[in-house]
Number of protein chains: 2
Amino acid sequence: MEQCHATALKAAGMKATPKRLAILEMLEAEPGYASPEELWKRLKDRFDRLGLPTVYRNLEELSASGVLSKVIHPNRQLYYYFCSNREHHHHFVCLSCRKVEDIPACGIEALEQEVTRRNGGKVLSHILQLNGLCGGCADNGEIR
Amino acid sequence: MEQCHATALKAAGMKATPKRLAILEMLEAEPGYASPEELWKRLKDRFDRLGLPTVYRNLEELSASGVLSKVIHPNRQLYYYFCSNREHHHHFVCLSCRKVEDIPACGIEALEQEVTRRNGGKVLSHILQLNGLCGGCADNGEIR
DNA sequence: CTCTAAATAGAAATGATTTCGTTTTAGAAT
DNA sequence: ATTCTAAAACGAAATCATTTCTATTTAGAG
Ligand SMILES: [Mn+2]
Ligand SMILES: [Mn+2]
Ligand SMILES: [Zn+2]
Ligand SMILES: [Zn+2]
């Protein structure tokens, strides 16, 4: 598993530093998304020195290289999660417990073609995310 | 037209203040999305006193009540645009010239049902946005 | 016209995120 | 194993978009 992370980092052209591996490991164990500061607080114990900027920087780099994904959160702060599904897909995120669930086919390719056909131009990226309450949280009733 | 805005505000339970109307008017004339500060700089001329917090507050309130829409921008700053299409739909936004184009049917309702069927839970909202270069900008070649 | 809740001003605070100059380190090369 | 260097990390400080706060003004109902 950790070997797997080292490989993924190498494939992304990034050095496999202990801190990077720890960030990936922690986020992989996480059932949902997490903020840079939360991860930092929990990782500090495992290193005599670990700066918050380092966590920010790594999360952003890992997200840029596709190893991690970012949540679009209503509060506009940064959150990241680990998803091992390497196919193109999207997510349903629970705003209460932060669980992230895969959404299978997104059907956006057809939408892209339609937009391009009608208006011209070029679609560079798309955002598709469902926000809500997961099964467990919906049963409980309310937002955390 | 301005009467129309006053009506929309009343329908949203908001007072039709001159500044609100001016914000709506300016954003409606805008071909794309704009930032609070940009709007503020341009509106300042028309009022002897106009605070930037007022612009921020109004844009957020107008967006919350559905009169305006918000852009999810890669730089994570706030941008708003005016869209008179009152049907449920989404947008293609040009990251170069900021033009906003409607995307017709989004087909997300089916996706919501599928997610709910598989995992339970409740979808509260969804985000769907295409980012790219509009026809004009794609022809020119590059990002502004 | 009065009255009051809502809206605004404007200065100040906020705080998540980024920057920067220095120090350390991963990993390729020898 | 040792050397070397670009990449990574440190961490204090800066940034700056956004929000908060209190006093003042105003829209619009009655
Ligand atoms: Mn996934
Ligand atoms: Mn629209
Ligand atoms: Zn949940
Ligand atoms: Zn454009």
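First the proteins, then the strands, lettered A, B, ... as listed; each starts at 1.
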message: Reading DNA chain D from 5' onward, which residue's closest nucleotide shows up sooner: B/E37 or A/E61?
response: A/E61

- request: Inspect the contact between B/E30 and B/R42 and indicate whether a charged nitrogen and a carboxylate oxygen are less than 4.0 angstrom apart.
  value: yes

query: Do the rings of B/H88 and B/H126 sit parallel, tilted or perpendicular, given the 30° and 60° boundaries?
result: perpendicular

- prompt: Side-chain contact, heavy-atom cut-off 4.5 Å: A/E37 with A/K41?
  reply: yes

Give each protein N/O atom lying under 3.5 Å from an N/O atom of nucleotides 26-30 of chain C, with the pair distance.
{"from": "C/dA26", "atom 1": "N3", "to": "A/K15", "atom 2": "NZ", "distance (Å)": "3.4"}
{"from": "C/dG27", "atom 1": "OP1", "to": "A/A16", "atom 2": "N", "distance (Å)": "2.7"}

query: So, is A/Y56 close to the C/dT18 phosphate, meaning a side-chain N or O under 4.0 Å from OP1 or OP2?
result: no

- prompt: Counting only side-chain N and O atoms of B/N58, is one of them less than 4.0 Å from OP1 or OP2 of C/dA7?
  reply: no

Closest to the B/R20 side chain, choosing from C/dT8, D/dC10, C/dT17: C/dT8

message: Taking the basic N atoms (NZ, or NE/NH1/NH2) and the acidic carboxylate oxygens, is any pair closer than 4.0 Å for B/R57 and B/E60?
response: no

message: Could you tell me how far apart B/L59 (CG) and D/dT18 (C1') are, to the nearest whole angstrom?
response: 12 Å

query: Which parts of residues 67-79 of chain B get close to DNA chain D, meaning a heavy atom less than 4.0 angstrom away?
result: B/Q77, B/L78

- request: Decide yes or no on side chain to side chain donor-acceptor pair (under 3.5 Å) for A/Q129 and A/N131, but give the supporting numbers first.
  value: CA-CA 6 Å; A/Q129 181 180 293; A/N131 300 318; 2.7 Å; yes

- prompt: Do the side chains of B/Y33 and B/K99 get nearer than 4.5 Å, heavy atoms only?
  reply: no

field: Residue among A/H91, A/R98, A/K70 satisfying side-chain hydrogen bond (donor to acceptor under 3.5 Å, both in side chains) with A/Y81
entry: A/H91

message: From C-beta outward on B/P53, which listed nucleotide comes closest to its side chain: D/dC10, C/dG10, C/dT19?
response: C/dG10

- prompt: Tell me: CZ of B/F47 to C1' of D/dT26, nearest whole Å?
  reply: 13 Å

field: Between D/dA8 (C1') and A/L21 (CG): distance, integer Å
entry: 13 Å

message: Regarding B/R57, tell me which of base, sugar-phosphate or nothing describes its non-hydrogen contacts under 4.0 Å with the strands shown.
response: base

query: Can a salt bridge be assigned to the pair A/E61 and A/R20 using a cut-off of 4.0 Å between side-chain N and carboxylate O?
result: yes

statement: B/L52 atom CG is separated from D/dA17 atom P, nearest whole Å, by 10 Å

Euclidean distance, atom OH of residue B/Y80 to atom C1' of D/dA17 [Å, nearest integer]: 12 Å

message: Given the ring of B/F47, does B/K19 sit roughly above its face, with NZ or CZ under 6.0 Å from the centre of the six-membered ring and within 45° of the axis?
response: yes

